[in-house]
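The figures here come from the full heavy-atom set of this structure, side chains too, leaving out hydrogens, waters and symmetry mates.
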Amino acid sequence: MMIDQGLEEETRSVLEKFGNDCRVFDTIGYNEMRKYLQSEISKEDMLIQMQQHTRKYSKRQLTWFRRNSDIILVDGEKL
């Protein structure tokens with residue numbers, strides 16, 4: 001969905017305006033797209049890495065929430 005909503009164009013713009021050292025490249029999606037645009041990885045590898053990094057981040061979030069007993073998880077679909 002990120003790619004369909006213009007991630008490539010946005011990444012190109014950030015690279016042009018701010019270069020490789022911009023903090024946005026520390027986030028999922030932008031870093032992988034930057035590597036792809038700079039021919040460091042293939043398009044297929046970019047997609048695989050984005051998916052892997054998203055899953056790992058989601059798992060870390062769930063682990064953090066489960067360890068914090070003060071947090072009550074709510075199923076947003078049931079609201």
Side-chain angles (χ1 to χ4, degrees):
M1 185 171 21
M2 292 169 63
I3 293 171
D4 292 340
Q5 293 180 350
L7 179 64
E8 182 173 343
E9 295 79 16
E10 188 171 345
T11 304
R12 286 182 192 278
S13 176
V14 171
L15 276 169
E16 185 179 309
K17 290 179 185 178
F18 304 105
N20 280 325
D21 296 329
C22 185
R23 294 286 312 216
V24 75
F25 296 121
D26 293 337
T27 62
I28 297 171
Y30 287 99
N31 188 40
E32 296 84 5
M33 181 60 77
R34 177 190 58 82
K35 289 178 182 179
Y36 166 68
L37 292 174
Q38 295 178 333
S39 301
E40 294 177 27
I41 59 175
S42 68
K43 186 171 187 174
E44 181 180 349
D45 286 341
M46 174 197 62
L47 295 171
I48 289 169
Q49 287 181 19
M50 285 174 70
Q51 292 167 349
Q52 287 174 339
H53 295 153
T54 299
R55 282 192 300 272
K56 287 179 181 181
Y57 182 67
S58 177
K59 185 176 179 181
R60 286 193 308 271
Q61 283 181 319
L62 289 172
T63 299
W64 186 86
F65 280 117
R66 285 187 197 113
R67 287 184 181 166
N68 190 331
S69 61
D70 294 332
I71 294 176
I72 300 169
L73 296 177
V74 178
D75 185 347
E77 293 184 12
K78 293 183 180 181
L79 295 177

- Message: For a side chain to side chain contact (heavy atoms under 4.5 Å, CB included) check, start with the C-alpha distance between L7 and M50, then their side-chain angles and the critical distance, and finish with the verdict.
- Response: CA-CA 12 Å; L7 179 64; M50 285 174 70; 3.8 Å; yes
- Worked verdict on M33 versus Y30 for side chain to side chain contact (heavy atoms under 4.5 Å, CB included): CA-CA 5 Å; M33 181 60 77; Y30 287 99; 5.8 Å; no
- Query: Side chain of E32, backbone of G29: donor and acceptor closer than 3.5 Å?
  - Reply: yes
- salt bridge (charged side-chain N to carboxylate O under 4.0 Å, His left out): pairs with one or both residues in residues 39-66, sequence neighbours excluded: R34-E40
- Query: How many angstroms lie between atom CD of Q38 and atom CG of L15, to the nearest 0.5 angstrom?
  - Reply: 5.5 Å
- Hey, could you give me the CG/CZ distance between L62 and R67, rounded to the nearest 0.5 Å? 12.0 Å
- Query: Within a strict 4.5 Å, meaning less than it, do heavy atoms of the M2 and T54 side chains meet?
  - Reply: no
- Given a cutoff of under 4.5 Å between side-chain heavy atoms of I, L, V, M, F, W and Y, with clusters grown through shared members, what are the other residues clustered with I72? none
- Message: Assess the residue pair Y36 and L47 against the criterion (side chain to side chain contact (heavy atoms under 4.5 Å, CB included)); give the C-alpha distance rounded to whole Å, side-chain angles, the decisive distance to 0.1 Å, and a yes or no.
- Response: CA-CA 10 Å; Y36 166 68; L47 295 171; over 6 Å; no
- Item | Within one Ile-Leu-Val-Met-Phe-Trp-Tyr cluster: L37 and F25, side-chain cutoff 4.5 Å | yes
- Item | Full working for side chain to side chain contact (heavy atoms under 4.5 Å, CB included) between V24 and E10 | CA-CA 11 Å; V24 75; E10 188 171 345; over 6 Å; no
- How is the hydrophobic cluster of Y57 composed, in terms of its other members, when Ile, Leu, Val, Met, Phe, Trp and Tyr link through side-chain heavy atoms under 4.5 Å apart, directly or indirectly? I28
- Message: Check this for me: E16, atom CD, are more than 12 non-hydrogen atoms of other residues, nucleotides or ligands nearer than 6.0 Å?
- Response: no
